[in-house]
Amino acid sequence: MHLTFGTPFAVTPTVMITPANGSTAGLLCAVGSVFATGFSLFTGNAPTSGEPNTQYAIYWQATD
């Protein structure tokens, strides 16, 4: 998944993420590529197909 910043940074920022709930923690989320305009997010585990209504959430912070 690619996330786009509302306002691009002047330089490539450092991005930190934290799972916002237990369901997201189980996905093993990680930051992929980072650009001045946004970043990619990927997971080490796929969501369980038996949980179609589960909400996943992350907290993120980007600093230059």
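- Linking Ile, Leu, Val, Met, Phe, Trp and Tyr whenever their side-chain heavy atoms come within less than 4.5 Å leaves Trp60 and Tyr56 in two separate clusters.
- Contact record, Ser23 with Thr54: OG-CG2, 3.4 Å, taken as the closest heavy-atom pair.
- In terms of heavy atoms, Cys29 sits closest to Thr43 at SG-CG2, 3.9 Å.
- The structure places CZ of Phe9 at 11.0 Å from OG1 of Thr37, a figure rounded to the nearest 0.5 Å.
- A pairwise comparison of heavy atoms in His2 and Gly38 identifies CE1-C, 4.0 Å as the closest pair.
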Verdict with supporting geometry, Thr18 and Met16, side chain to side chain contact (heavy atoms under 4.5 Å, CB included): CA-CA 7 Å; Thr18 303; Met16 296 170 282; over 6 Å; no

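- Val15 and Leu27 fall into different hydrophobic clusters, where Ile, Leu, Val, Met, Phe, Trp and Tyr are joined by side-chain heavy atoms under 4.5 Å apart, directly or via other members.
- Under the 4.5 Å side-chain heavy-atom criterion for grouping Ile, Leu, Val, Met, Phe, Trp and Tyr, Ile58 is connected to Met1 within one hydrophobic cluster.
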Test side chain to side chain contact (heavy atoms under 4.5 Å, CB included) on Val31 and Ile17; report intermediate values, then the result. CA-CA 7 Å; Val31 174; Ile17 61 168; 3.8 Å; yes

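- Within the 4.5 Å cutoff, no side-chain heavy atoms of Pro13 are placed close to those of Thr63.
- Under the 4.5 Å side-chain contact rule for hydrophobic residues, Leu41 and Phe35 do not share a cluster.
- Looking only at distances, a side-chain donor or acceptor of Asn21 sits under 3.5 Å from a matching main-chain atom of Gln55.
- Here the closest heavy-atom approach between residue Thr12 and residue Ala36 is recorded as OG1-N, 4.1 Å.
- One distance of note links OG1 of Thr14 with CZ of Phe39; it measures 12.0 Å at 0.5 Å rounding.
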